[in-house]
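Here is the structure we will look at.
Nothing fancy with the numbering, it's 1 onward along the sequence.
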Amino acid sequence: MASLQFHGNVDADIRYDISLDPARESNLFRLLMGLQLAMGTKPSPRLPKWWPKRLEMIGQVLAKVYCSMVIFTSLHLGVLFTKTTLDVLPTGELQAITDALTMTIIYFFTGYGTIYWCLRSRRLLAYMEHMNREYRHHSLAGVTFVSSHAAFRMSRNFTVVWIMSCLLGVISWGVSPLMLGIRMLPLQCWYPFDALGPITYTVVYATQLFGQILVGMTFGFGGSLFVTLSLLLLGQFDVLYCSLKNLDAHAKLLAGESVNGLSLLQEELLLRDSNRELNQYVVLQEHATDLLRLSAGRKCPDQGKAFHNALVECVRLHRFILHCSQELENLFSPYCLVKSLQITFQLCLLVFVGVSGTREVLRIVNQLQYLGLTIFELLMFTYCGELLSRHSIRSGDAFWRGAWWKHAHFIRQDILIFLVNSRRAVHVTAGKFYVMDVNRLRSVITQAFSFLTLLQKLAAKKTESDL
């Protein structure tokens, strides 16, 4: 049990506790992969094993046709709202202009998001498979441990809630004419034909409703994917920090230290809530190890060698986390740049429409839903980016918590190199221009309300001129 293979390279079912340390998950992204297929961003999916071999080509063609249909639906609605915006510009009616412009931004970003994840689908799949294969599901064997299953459970629950919230917001807008019993379309945009005709109405309504569902899934997928990857990486940092804290305990455990001695060390590291150091971990919780169970697997009588081997394993884990963090930056940097611009303009327009628009109850509810989802989406990206930046440079703090000085003569060069590399902060940027953190949250909101002030002044001048 007390093995350096703490992440399951030899036996993926190694567990420190039946209830607190669940078995290793084979696929951390099963829900997101299914959502990716449903929203049409997998042009070349891996077909299930039960799919007939002779129909593989048909399956691939159907996937590409569905992806093309999803992209066309989003872009053609964006073009129609662009024409609507151009038509209402000469009238000078700011509410109609901002309504049309808001939907134009939403649908063009939906098309951009769909195309972007289609082009990045293979790279994203390789990234997910690498994380599934290499992630550590609990910390190094010692007197305390953390299990990364809590990060997986948190990310899965968040994905379900966020996707349902996004779909609820857009579908409620899409079905509002049906709820009111009115023969009208949920999206008021220009068409080159009579969209309310007896034949065209059903087709156009179904297309708009499908477009609304695509908006919810596209917005939900990008945010939930970023939060899921961030939570899993934060969980890996917590696993690393608990392992570094337990290096000396791990060496003593392998060398055959008595259970009484290990119990004293356990009390020293796992303090009571009243005097425990706060914020050691972000998403995981530290638990006491069952020492009687682990003490049966002693393998290395040389404490210095065991300590050094454990440090090497921690270095490997740290390199894995940094590699995954860099790939997260490469995947999301272009996406976050466009997302920041989209959120800035959309936030401004939604607030303006909410302040200056009509006071219909259903319209106000829909506007508040869109506004709440937009602000929360911005908060997700910036807050998770802030957590990654701050938590990624605490390896040294975790290392100092253990009795490292007892083995300093074995790891003199290794620890210096490790501590230098541990100061490499993880950053997620928007197009390499600025970092996605709480400062970006403040600047986006400031810019949005600056645009809002400008729109309100324009509206006030138009009112004065009309009088």
Side-chain angles (χ1 to χ4, degrees), residues 35 37-41 62-88 91 93 95-115 118 163-221 342 346 349-350 353-354 357-374:
L35 180 63
L37 187 62
M39 61 181 283
T41 54
L62 288 176
K64 289 179 173 58
V65 169
Y66 180 65
C67 291
S68 302
M69 183 179 69
V70 167
I71 294 172
F72 172 76
T73 301
S74 303
L75 293 183
H76 101 273
L77 285 171
V79 171
L80 293 177
F81 273 109
T82 302
K83 177 65 169 64
T84 306
T85 305
L86 295 175
D87 287 344
V88 297
T91 65
E93 297 179 5
Q95 179 180 333
I97 295 172
T98 51
D99 274 345
L101 190 56
T102 299
M103 300 310 297
T104 303
I105 293 172
I106 288 175
Y107 275 101
F108 272 125
F109 179 81
T110 302
Y112 165 79
T114 305
I115 295 172
C118 278
I163 295 298
M164 294 303 295
S165 300
C166 291
L167 288 177
L168 179 64
V170 296
I171 291 177
S172 62
W173 187 304
V175 300
S176 56
L178 297 179
M179 295 169 58
L180 297 174
I182 304 174
R183 185 181 175 83
M184 61 178 293
L185 295 172
L187 304 176
Q188 302 300 316
C189 61
W190 172 86
Y191 278 97
F193 51 83
D194 183 13
L196 298 178
I199 300 176
T200 57
Y201 176 72
T202 304
V203 177
V204 172
Y205 197 110
T207 303
Q208 290 191 357
L209 185 58
F210 181 60
Q212 285 290 92
I213 294 173
L214 291 178
V215 169
M217 288 197 295
T218 303
F219 279 63
F221 177 77
Q342 174 255 323
Q346 186 175 326
L349 295 172
L350 285 173
V353 171
T358 58
R359 293 294 182 265
E360 300 173 7
V361 176
L362 189 59
R363 180 184 178 85
I364 293 174
V365 171
N366 288 331
Q367 292 288 349
L368 287 176
Q369 286 177 339
Y370 269 90
L371 181 62
L373 292 174
T374 302

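Residues P177 and L185 approach most closely at CG-C, 4.0 Å, considering heavy atoms. Residue L167 comes nearest to M217 through the heavy atom pair CD2-CG, 3.8 Å, listed as atom of the first residue, atom of the second, then distance. The minimum heavy-atom distance between T41 and C118, with the atom names listed, is CA-SG, 3.5 Å. Residues M184 and Y201 come closest through the heavy atom pair O-OH, 3.1 Å. Annotation for C166 and G216: closest pair CB-O, 3.5 Å, computed over non-hydrogen atoms. Closest non-hydrogen pair, T85 versus L101, comes out as OG1-N, 3.6 Å.
Using a 4.5 Å cut-off on side-chain heavy atoms (C-beta onward), L214 and T114 make no contact. Side-chain contact between H76 and T207 is present, with heavy atoms from C-beta onward closer than 4.5 Å. Put simply, the side chain of L77 does not reach to within 4.5 Å of the side chain of I106, judged on heavy atoms.
Summarising the local packing, CD1 of I199 is surrounded by 12 or fewer heavy atoms from other residues, nucleotides or ligands at distances under 6.0 Å. More than 12 heavy atoms of other residues, nucleotides or ligands shown are found within 6.0 angstrom of CE on M69.
Taking the centre of each ring, F109 and F219 come in below the 6.0 Å mark.
Taken to the nearest 0.5 Å, the CG atom of L187 stands 4.5 Å off from the CZ atom of F81. Atom OH in Y205 sits 6.5 Å away from atom CG in L209 (nearest 0.5 Å). The distance from atom CD of Q212 to atom OG1 of T110, rounded to the nearest 0.5 Å, is 8.5 Å.
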Name the atoms and distances for all side-chain donor-acceptor pairs under 3.5 Å in residues 189-197, with sequence neighbours left out.
{"from": "Y191", "atom 1": "OH", "to": "Q208", "atom 2": "NE2", "distance (Å)": "3.1"}
{"from": "D194", "atom 1": "OD1", "to": "L196", "atom 2": "N", "distance (Å)": "3.2"}

